[in-house]
Amino acid sequence: MTTRVRFAPSPTGYLHIGSARTALFNYLYARNVGGKFLLRIEDTDIARSTEESTRSILEGLEWLGFSHDEEIVFQSDNADKHRVTALKLLEEGKAYRDFTPKAEPNDKNIKAEIAAKARANQGEKNMRDNEYRDLPKDESDKRAESGEPFAIRLKIAMSGKTSFEDAVYGLQERDYDEIEDLVLLRSDGHPLYNLAVVCDDIEMEITDVIRGQDHLTNTHKQILIYEALDKTPPRFAHLPLILAPGGKKLSKRIHGEIVSMTTYRDAGFLAASFRNFLALLGWSAGEEQEIYTLDELTEKFSLDGIHRSNATFNFDANNEKRWTDDKAIWMNAEYIRTLPLEDLLPHVIKELKSAKLWREEYDDDDAEWFAKTVNLIRERFYTLKDFSGQGRAFFSEDFDFDQKAIEKNLKKHPDLQQWLPELAERFETLEDWSHDPIYEVVQKFCEEKDTKVGVILNGARVLLTGQMVGPSMLAAMEQLGKDKTIMRLRSQIAWNE
RNA sequence: GUCCGGUUCGUCUAGGGGUCUAGGACACCGCCCUUUCACGGCGGCAACACGGGUUCAAAUCCCGUACCGGAUACCA
């Protein structure tokens, strides 16, 4: 039987980091064993699901490069089937109607409310204790026919336990006493999550369910449904959670943008690097390698390498430099400087286009110059954004000057205001505009002025690129060209800032 | 409360009885290189939650404690 896994997000927001990792692991698992990776949108919560979320999730998956096999399944399309299944269980006596009026939660803090209720019932409550559980069939039918609203609950046996072997967490057992007769169908006829998931997983012939550890206890309920349906449950593998620095589950509501995949795409991350980073959050190949291509990940991925302990996604909302996990940033920089140039170029082009810095010549007469420039400046960049930010001066005359650079490398040496235009003068007569001759001119100039080469070049860096840091200044001058170098050395703009 | 799970440097992690005076990566700090630097090189700081066992030997196995997380629903 071919392996079939699914990624099943509920469209209640953008693609979350945790979800993205779940998708990644499912994807890697499927590709590793040559199985199918399916996609199912769990939009049964009509109140919270939005089309926009679905779009955003799809976009995120596309960006990450996880192409799914087969058509996307929308869970809401199967609601009728879910209802039929619930009714069938009712018919077979494996479920029953519960006429208890629906209790509306006080909203806000539902979790706390549930926990409080559970605590209050502690030791007292018998999970099988429902007055409608053993209501005679004819009476139940009669009340239903009279229009009295009811929910359908699964009739769990009086005693026993469920168990399954989790690929990550090992043998999991749960006594029926711990599980309430779960509702399959709401009193308004709406099928509930556990029912829907089981029905769809059966229909989609899912063989392996890989999902977050927060579903560990749901699994027992779902197994009960499989059993009632006389179906064999799939294999299960639960993933450790991704926590925020505070130690709580990383959540959209509390942590905001930081958890959204689109944030990383928009911040200039390479999908390949983020994927790589995600793969290492809760999984390891048991070796010291850290940088992996998708193919390598696919080849090495195994459920055995998944951890049981949660991982912290480290970031500091109050620190601009640490806005997201250090390692994610480092890894992106590593990708930017080590990716084969031809693989990086398309991303840079895209970035320049969106920053309105792109010129057709870069793809034509200046293609060689362009490639060389990208290669030169990428060395110290962290994100794609840097190509249009710090690297702007290479593509446009309209660039900003870093205030700190002006202070430190320009105004601290007032002589530079005369010297730099003077240096431009010397360059005018330089025939061979390349590294060594440029350096000779600079050296000679420094000797005359009795100053250090660093002072001149750092000052020049500010005028030429607006930056304090960057690649070798001589290489930058060479790359910028004689005309621009001379023109910018003469400019007084930075001095007046 | 109950059930389930977890606990190795600040973070991600290696490790599965002796090779562990615990390895790598990020971050941080030094030094070097250098025209600057966020590159690179070298080095440093820094961890087995605690207590009992078992064993010749425990980060590794067992028990307990603490702490953390998840779950608990006519949400998904």
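Naming: A, B, ... by sequence-line order, numbering from 1 per chain.
Comment: A/Asp181 engages A/Arg128 in a salt bridge, judged by a side-chain N to carboxylate O separation of less than 4.0 angstrom. Of the charged side-chain nitrogens involved, none lies within less than 4.0 Å of a carboxylate oxygen, so that A/Glu203 and A/Arg40 do not count as a salt-bridged pair. Between A/Arg97 and A/Glu148 no salt bridge is recorded (no basic side-chain N to carboxylate O distance below 4.0 Å). A salt bridge links A/Lys327 with A/Glu290: the closest approach of a Lys/Arg side-chain nitrogen to an acidic carboxylate oxygen falls below 4.0 angstrom.
The two residues A/Ile377 and A/Gly391 come nearest to each other via the heavy atoms CD1-CA, 4.4 Å.
To the nearest angstrom, C1' of B/rA73 lies 14 Å from CG of A/Leu184. Across the protein-nucleic acid pair, A/Asp326 atom CG and B/rC12 atom C1' stand 11 Å apart, rounded to whole Å. Distance A/Tyr292 OH to B/rG24 P: 16 Å, rounded to the nearest Å. Atoms CG (A/Asp325) and C1' (B/rU13) sit 13 Å apart, rounded to a whole Å. Look at CD on A/Glu288: it is 10 Å from P on B/rG15, rounded to the nearest Å.
Across B/rU36, B/rA71, B/rA76, the shortest atom-to-atom separation from the side chain of A/Ser10 is found for B/rA76. When distances run from any side-chain atom of A/Arg186 to the nucleotides B/rU36, B/rA76, B/rC26, the shortest one goes to B/rA76. Residue A/Glu178 has its side chain nearest to B/rU2 when only B/rC26, B/rU2, B/rG5 are considered.
B/rG53 sits 26 Å from B/rU21 when the C1' atoms are compared, rounded to a whole Å. To the nearest whole angstrom, the two P atoms, one in B/rU7 and one in B/rC61, are 10 Å apart. B/rA47 and B/rG10 have their C1' atoms separated by 10 Å, with the value rounded to a whole Å.
Side-chain atoms of A/Thr217 stay outside donor-acceptor range of the base of B/rU72, with no qualifying N/O pair under 3.5 Å. Evaluation of atom-type donor-acceptor distances gives a pair under 3.5 Å for the side chain of A/Ser187 against the base of B/rC74.
A heavy atom lying under 4.0 Å from RNA chain B marks the following residues of residues 304-321 of chain A, by number: A/His307, A/Arg308, A/Ser309, A/Asn310, A/Ala311, A/Thr312, A/Asn314, A/Lys321.
Using a 4.0 Å heavy-atom cutoff across all strands shown, A/Gln289 reaches no nucleic acid atom at all.
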* Checking ring-ring contact (aromatic ring centres under 6.0 Å, His included) for the pair A/His220/A/Phe164: CA distance, chi angles, key distance, verdict? -> CA-CA 8 Å; A/His220 291 99; A/Phe164 68 95; 5.1 Å; yes
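The partner of B/rC39 cannot be assigned: no Watson-Crick or G-U wobble pair with both contacts below 3.5 Å exists in any strand. Figure legend. B/rA14 is base-paired to no nucleotide; pairs are counted as Watson-Crick or G-U wobble with both atom distances under 3.5 Å. Remark: B/rU2 base-pairs with B/rA71. Criterion, Watson-Crick or G-U wobble with two distances under 3.5 Å.
No donor-acceptor pair closer than 3.5 Å links the side chain of A/Arg21 to the backbone N or O of A/Leu280.
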